[in-house]
Amino acid sequence: MLIYEVNLLVDATVAVAYRAWLREHVAQMLALPGFVSAEVFDVREPAAADGVCLCVQYRLRDAQALQDYLRDHAAAMRADGLVRFGDRFTATRRILQPSDAG
């Protein structure tokens with residue numbers, strides 16, 4: 001299991017429309033091979049000075065599923081948000097793996 005995390009800072013002027021689009025986007029991601037589940041969080045801390053902070057955690061079957069997504073689908077999936085919202089949001093990404101320390 002692997003977690004692909006996307007952290008979003010969304011301009012307040014498009015936040016409602018972005019949330020609606022994000023629900024559809026997450027559903028499309030879950031239809032891709034290797035994606036198991038997803039959860040969307042409102043980020044409470046640190047709070048955004050201007051806008052809305054969201055965090056999406058996608059659970060993937062394994063590292064190969066993530067590599068396949070990045071190679072075959074990521075560019076198109078990311079482009080859709082850019083076409084719709086331009087520079088009114090930013091996204092950063094992390095890849096998390098369960099630790100044997102816990």
Side-chain angles (χ1 to χ4, degrees):
M1 183 71 60
L2 202 65
I3 295 176
Y4 178 54
E5 181 179 274
V6 182
N7 291 287
L8 303 157
L9 175 57
V10 182
D11 188 299
T13 63
V14 298
V16 171
Y18 193 91
R19 284 178 185 272
W21 170 81
L22 185 60
R23 279 189 290 277
E24 179 183 317
H25 178 77
V26 168
Q28 291 172 349
M29 294 285 284
L30 289 174
L32 296 172
F35 281 76
V36 175
S37 66
E39 198 165 4
V40 179
F41 298 92
D42 288 307
V43 177
R44 297 182 63 172
E45 288 291 330
D50 286 331
V52 174
C53 289
L54 301 168
C55 175
V56 185
Q57 288 188 343
Y58 298 99
R59 285 175 177 71
L60 288 100
R61 179 187 62 235
D62 54 27
Q64 186 61 53
L66 178 60
Q67 291 307 312
D68 293 346
Y69 163 73
L70 293 172
R71 183 190 65 238
D72 300 332
H73 304 285
M77 296 300 286
R78 292 173 184 176
D80 185 45
L82 290 170
V83 167
R84 292 173 190 249
F85 300 102
D87 64 355
R88 292 176 286 178
F89 79 100
T90 59
T92 59
R93 296 163 181 88
R94 299 189 315 168
I95 299 167
L96 307 171
Q97 172 177 319
S99 173
D100 60 358

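Numbering of residues begins at 1 and proceeds along the displayed sequence.
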query: So how far is it from Met77 CE to Leu82 CG, rounded to the nearest 0.5 Å?
result: 12.5 Å
- request: Rounded to the nearest 0.5 Å, what's the gap from SG on Cys53 to CG on Leu8? Could you check?
  value: 9.0 Å
Establish whether [X] and [Y] are linked, either directly or via other cluster members, by ILVMFWY side-chain heavy-atom contacts under 4.5 Å.
X: Trp21; Y: Val43; answer: no
X: Leu70; Y: Met29; answer: yes
X: Ile3; Y: Val6; answer: no
X: Leu96; Y: Val26; answer: no

Identify each donor-acceptor pair in which a side-chain atom of residues 11-19 lies under 3.5 Å from a protein atom, sequence neighbours left out, and give them as a table.
from, atom 1, to, atom 2, distance (Å)
Asp11, OD1, Thr13, N, 2.7
Asp11, OD1, Thr13, OG1, 2.7
Arg19, NH1, Asp42, OD1, 3.0
Arg19, NH2, Asp42, OD1, 2.7

- request: Using the test side chain to side chain contact (heavy atoms under 4.5 Å, CB included), find all partners of Glu24 that sit at least two apart in sequence or belong to another chain.
  value: Gln28, Arg84
- prompt: Taking only residues at least two apart or on different chains, which pairs with a member in residues 45-68 satisfy salt bridge (charged side-chain N to carboxylate O under 4.0 Å, His left out)?
  reply: Asp68-Arg71
Identify all side-chain donor-acceptor contacts of residues 88-95 below 3.5 Å with residues at least two apart in sequence or on another chain.
from, atom 1, to, atom 2, distance (Å)
Arg88, NE, Phe85, O, 3.3
Arg93, NE, Tyr4, OH, 3.2
Arg94, NE, Glu5, OE2, 2.7
Arg94, NH2, Glu5, OE2, 3.0

message: Starting from Leu9 and following side-chain heavy-atom contacts under 4.5 Å between hydrophobic residues (I, L, V, M, F, W, Y), which residues can be reached?
response: none
task: Apply ring-ring contact (aromatic ring centres under 6.0 Å, His included) to Phe35 and list each qualifying residue two or more places apart in sequence or on a separate chain.
output: Tyr58, Tyr69
task: Could you list the residues that satisfy salt bridge (Lys or Arg N to Asp or Glu O under 4.0 Å) with Asp72, not counting sequence neighbours?
output: none
field: Any side-chain heavy-atom pair of Leu22 and Val10 under 4.5 Å
entry: no
